[in-house]
2 protein chains.
Amino acid sequence: MLDSPEQNEDYMQQAIDLARIAFSNDEVPVGAIIVDNKSNKVIAKSANRMREKKNATCHAEILSIHEACDHVQNERLVGCDIYVSLEPCAMCAHAISIARLDRLFFGAEDKKSGGVFNGPKIFESSATHHKPEIISGLCSSESSQLLKDFFKAKRNNG
Amino acid sequence: MLDSPEQNEDYMQQAIDLARIAFSNDEVPVGAIIVDNKSNKVIAKSANRMREKKNATCHAEILSIHEACDHVQNERLVGCDIYVSLEPCAMCAHAISIARLDRLFFGAEDKKSGGVFNGPKIFESSATHHKPEIISGLCSSESSQLLKDFFKAKRNNG
């Protein structure tokens with residue numbers, strides 16, 4: 001691995017930029033990118049597109065895993081990391097486990113709907129057979145503010 | 001709802017038939033169908049296709065939810081039920097919650113990888129905001145035997 005704290009923050013910033021795109025499309029602002037550690041290249045990136053796609057499974061992480069699996073032509077993403085602007089929900093956390101991603105970087109915690117440090121704490125479960133290294137808190141205030149602004153705007157618009 | 005125990009078993013049998021297709025394709029034998037309660041019609045069905053699709057997220061339930069959302073052109077499947085041959089994992093259980101499915105019928109429990117009665121028990125979590133009615137144990141011996149046969153064959157083939 002050739003990464004550095006600066007590089008990790010740069011990747012997280014790319015995930016946050018995708019979250020901003022989600023926000024502008026009236027989607028819950030979450031973005032995710034997947035990086036291949038060997039080449040240090042971004043192999044997948046997606047904003048949350050649940051409403052646009054009219055599909056309950058189209059969270060940013062699921063779409064990114066889908067794209068990355070297509071890219072490497074393998075259902076396992078060994079040697080790859082995922083950067084997510086917000087703590088993944090249980091669906092996405094377990095998908096990260098099934099995909100065997102090496103490391104999970106995420107920004108702000110999601111106390112209401114998160115599944116990593118909150119809720120069902122997926123990676124502490126005996127039914128989760130692969131547990132990535134977890135690095136949380138990168139650019140968390142930016143990610144958290146984005147989420148607050150989104151739900152504030154939603155409340156103000158009725 | 002116009003269903004009856006016989007009809008529920010018939011739907012579960014269709015899910016098990018899909019699990020047999022998965023088995024014959026060298027996939028973990030799981031099948032799922034989604035039924036619209038209003039019309040009593042099957043609107044989506046899928047076998048597990050993770051290896052074929054080379055995609056970690058292509059469990060039978062995720063593929064069925066995807067197909068059903070496409071069918072109704074909505075990310076919420078209110079008024080629909082899902083029948084799965086095996087207890088869903090955490091990823092699929094939480095997807096069932098996000099999709100707002102009314103009822104979850106499943107066959108055998110999955111003590112190793114299940115996420116409903118086992119592991120992270122997704123529907124007991126405060127981070128799971130919709131909880132379907134759960135009806136378990138339909139045709140469970142058939143579903144369980146299929147899984148045992150699959151892993152026995154895997155062990156015998158090295």
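The chains referred to below are lettered A, B, ... by the order of the sequence lines, with proteins before strands, and numbering in each begins at 1.
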What about [X] and [Y], same hydrophobic cluster or not, with Ile/Leu/Val/Met/Phe/Trp/Tyr joined at side-chain heavy-atom distances under 4.5 Å?
X: B/Met91; Y: B/Val28; result: no
X: A/Ile34; Y: A/Ile21; result: yes
X: A/Val30; Y: A/Ile96; result: yes
X: A/Ile33; Y: A/Phe106; result: yes
X: B/Leu18; Y: B/Met50; result: no

Step-by-step side-chain contact (heavy atoms from CB on, under 4.5 Å) determination, B/Ile122 to A/Ile122: CA-CA 9 Å; B/Ile122 290 296; A/Ile122 290 298; 4.0 Å; yes

Interface residue of largest heavy-atom contact number with chain A, from B/Lys112, B/Arg76, B/Lys111, B/Arg100, under 4.5 Å: B/Lys112

Heavy-atom pair count under 4.5 Å with chain A, highest-scoring of B/Ile62, B/Asn74, B/Leu77: B/Asn74

Interface residue of largest heavy-atom contact number with chain B, from A/Gly119, A/Gly115, A/Cys69, under 4.5 Å: A/Cys69

Residue, of A/Ala127, A/Ser97, A/Gly114, that accumulates the most heavy atom pairs under 4.5 Å with chain B: A/Ala127

Heavy-atom proximity to chain B below 4.5 Å, by part of A/Asn55: both

Partner of A/Thr57 under side-chain contact (heavy atoms from CB on, under 4.5 Å), chosen from B/Ile65, B/Ile98, B/Leu63, B/Thr57: B/Ile65

Inter-residue atom distance B/Cys89.SG - A/His129.NE2, 0.5 Å rounding: 9.0 Å

Atom pair NZ (A/Lys121) and OG (B/Ser125), whose distance is rounded to the nearest 0.5 Å: 10.0 Å

Side chain to side chain donor-acceptor pair (under 3.5 Å) partner of B/Glu75, the single match among A/Lys53, A/Arg51, A/Lys54: A/Arg51

